[in-house]
Number of protein chains: 2
Amino acid sequence: MQKEQNLSKNQKIIFDLIDKSGGPMKAYSILFNVQKKGIKAPLQVYRALDKLVEIGKIHKIESRNAFIACQNSSCQVSKATAFSICESCENVSEISNLKLSKYLSNFSDNSGMKYNKYNLEFFGLCKKCKSK
Amino acid sequence: MQKEQNLSKNQKIIFDLIDKSGGPMKAYSILFNVQKKGIKAPLQVYRALDKLVEIGKIHKIESRNAFIACQNSSCQVSKATAFSICESCENVSEISNLKLSKYLSNFSDNSGMKYNKYNLEFFGLCKKCKSK
DNA sequence: TTATAAATGTTATATTATTACATAACGTTA
DNA sequence: TAACGTTATGTAATAATATAACATTTATAA
Ligand SMILES: [Zn+2]
Ligand SMILES: [Zn+2]
Ligand SMILES: [Zn+2]
Ligand SMILES: [Zn+2]
């Protein structure tokens, strides 16, 4: 949370909303929720989201076109992200597993490619949904 | 390629196009390319894509909203996918690394969640783009 | 055959994201 | 402070991606 004071007005409004929601939010749902605060256009939302992603305050859940607050304090830049997604209730949480992140950050193959970023999304059923 | 004969007409047209392209293709670019073959509406494309993804003939590159033919013959169902993406030239290739796929397929944590599917996207610079 | 599922065709619409252009606020340093 | 470059904002229009709803046809198989 150390960077919060650096956020601009719109960035702060939008980050606070996502953070408080506790889960992933979609851009137009964010827009709807911040209209009372004067943010009226999609572009204002997307610009703030872009910046927040860039500095690692939020991450994009690519398979859901949604944005979630970083739940991992060590994750200042979004270079190594992993999520678990329940395909039933759509609950999403960020995985912070040191072994996993080390394994993936050090991954290399014979393609000659230098990897400097990854995003991993696991899918399944959460505890609750499994027991239904 | 053993399932190709099972594909319907539209599915086959669209799979062949993606497969021949050798890289990821976007839905509306596919649509444009198959209009001469009588596929005129987005929904016709998306339905074929959905089916092809379901049976593992193609995969969706989530971060790019694009679809690529499976380059891994063992990958009949899209339950464990990994890609490398060049952020400069947008070249994409499917990673088939047994160690990686075993590691991820067996991954579990203390969340109580049962993972039955994952998608991993690595980003970086390919050989060509690195040397520029 | 008959019924069941799978695929297709068509129109309209919903959702997600960007372009283009103008203005304002902020931070740095001369 | 003044001037400059950078970052953020405001606004309108539009592009790109994806789905809903409904009618019809084709394939599969009991
Ligand atoms: Zn994070
Ligand atoms: Zn669940
Ligand atoms: Zn594959
Ligand atoms: Zn490249």
Side-chain angles (χ1 to χ4, degrees), chain A residues 3-18 21 23-68 77-78 87 90 92 119 121, chain B residues 3-18 21 23-68 77-78 87 90 92 119 121:
Chain A
K3 279 190 179 175
E4 190 141 357
Q5 55 276 36
N6 297 340
L7 299 181
S8 75
K9 177 171 145 275
N10 289 1
Q11 288 159 18
K12 185 160 178 7
I13 290 170
I14 286 172
F15 173 73
D16 286 347
L17 175 67
I18 300 173
S21 86
M25 290 194 76
K26 312 201 113 200
Y28 278 73
S29 149
I30 292 168
L31 175 58
F32 179 80
N33 276 277
V34 296
Q35 278 181 331
K36 45 184 170 275
K37 304 217 172 182
I39 295 175
K40 284 179 270 181
L43 189 50
Q44 294 175 290
V45 173
Y46 281 105
R47 282 197 285 224
L49 291 173
D50 284 351
K51 188 68 185 185
L52 291 167
V53 165
E54 186 191 321
I55 64 179
K57 298 285 297 179
I58 65 172
H59 305 300
K60 183 170 187 181
I61 311 299
E62 294 287 359
S63 66
R64 298 300 186 259
N65 297 318
F67 300 85
I68 193 168
V77 194
S78 304
E87 291 185 296
E90 293 293 327
V92 174
N119 178 58
E121 298 180 5
Chain B
K3 277 191 178 174
E4 190 142 358
Q5 55 277 35
N6 297 341
L7 298 181
S8 75
K9 176 172 146 275
N10 289 1
Q11 288 158 18
K12 184 160 180 5
I13 290 170
I14 286 172
F15 173 73
D16 286 347
L17 175 67
I18 299 173
S21 85
M25 290 193 75
K26 312 201 111 199
Y28 277 73
S29 149
I30 292 167
L31 175 58
F32 178 81
N33 276 277
V34 297
Q35 278 180 331
K36 45 183 171 276
K37 303 217 171 179
I39 295 174
K40 283 180 269 182
L43 191 49
Q44 294 175 290
V45 173
Y46 280 105
R47 281 197 285 224
L49 290 173
D50 284 351
K51 188 68 185 185
L52 291 167
V53 165
E54 185 191 321
I55 64 179
K57 298 285 295 180
I58 65 173
H59 305 301
K60 183 171 187 182
I61 311 298
E62 294 287 358
S63 66
R64 299 299 187 261
N65 298 318
F67 300 85
I68 192 168
V77 195
S78 305
E87 290 185 296
E90 293 294 326
V92 173
N119 178 58
E121 298 180 6

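What you see below is based on every heavy atom in this structure, not just the backbone, and it leaves out hydrogens, waters and symmetry mates. Below, chains carry the letters A, B, ... as their sequence lines are ordered, and counting in each starts from 1. Here the structure is a predicted model, which is why all the values come from computation and not from measurement.
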Taking 4.0 Å as the cut-off, does a side-chain nitrogen or oxygen of [X] come that near to OP1 or OP2 on [N]?
{"X": "A:K40", "N": "D:dT11", "answer": "yes"}
{"X": "B:N65", "N": "C:dT16", "answer": "no"}
{"X": "B:S8", "N": "D:dA27", "answer": "no"}
{"X": "B:Q11", "N": "C:dA7", "answer": "yes"}
{"X": "A:K26", "N": "C:dT15", "answer": "no"}
{"X": "B:K60", "N": "D:dA18", "answer": "yes"}
{"X": "A:K51", "N": "D:dT7", "answer": "no"}
{"X": "B:Q44", "N": "C:dT8", "answer": "no"}
{"X": "B:K9", "N": "C:dG9", "answer": "yes"}
{"X": "A:N10", "N": "D:dG10", "answer": "yes"}

May I ask you to test the A:L52-A:L7 pair for a side-chain heavy-atom distance under 4.5 Å?
yes
What I'd like to find out is whether the side chain of A:L49 reaches to under 4.5 Å of the side chain of A:I18, using heavy atoms alone.
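In contact.
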Nearest heavy-atom pair of A:K26 and A:N65: which atoms, and what distance?
CE-O, 3.7 Å
Verify, without hydrogens or angle tests, whether A:Q44 (side chain) and A:N10 (backbone) share a donor-acceptor contact under 3.5 angstrom.
no
Hey, does the side chain of B:E121 reach the backbone of B:I61 with a donor-acceptor pair shorter than 3.5 angstrom?
no
Could you check how far [atom1] of [X] sits from [atom2] of [N], rounded to whole Å?
{"X": "A:L43", "N": "D:dA12", "atom1": "CG", "atom2": "P", "value": "13 Å"}
{"X": "B:K37", "N": "C:dT8", "atom1": "NZ", "atom2": "P", "value": "14 Å"}
{"X": "B:K12", "N": "D:dA27", "atom1": "NZ", "atom2": "P", "value": "16 Å"}
{"X": "A:R64", "N": "C:dT15", "atom1": "CZ", "atom2": "P", "value": "17 Å"}
{"X": "B:D50", "N": "C:dT8", "atom1": "CG", "atom2": "P", "value": "12 Å"}
{"X": "B:L7", "N": "C:dA7", "atom1": "CG", "atom2": "C1'", "value": "12 Å"}
{"X": "A:Y46", "N": "D:dT9", "atom1": "OH", "atom2": "P", "value": "17 Å"}

Which residue lies toward the 5' end of DNA chain C, B:P42 or B:G38, if each is placed at its nearest nucleotide?
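First, find each residue's nearest nucleotide; the 5'-ward one identifies B:G38.
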Shortest side-chain distance from A:Y28, nucleotide among D:dT17, C:dA7, C:dT16:
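Of the candidates, C:dT16 comes closest.
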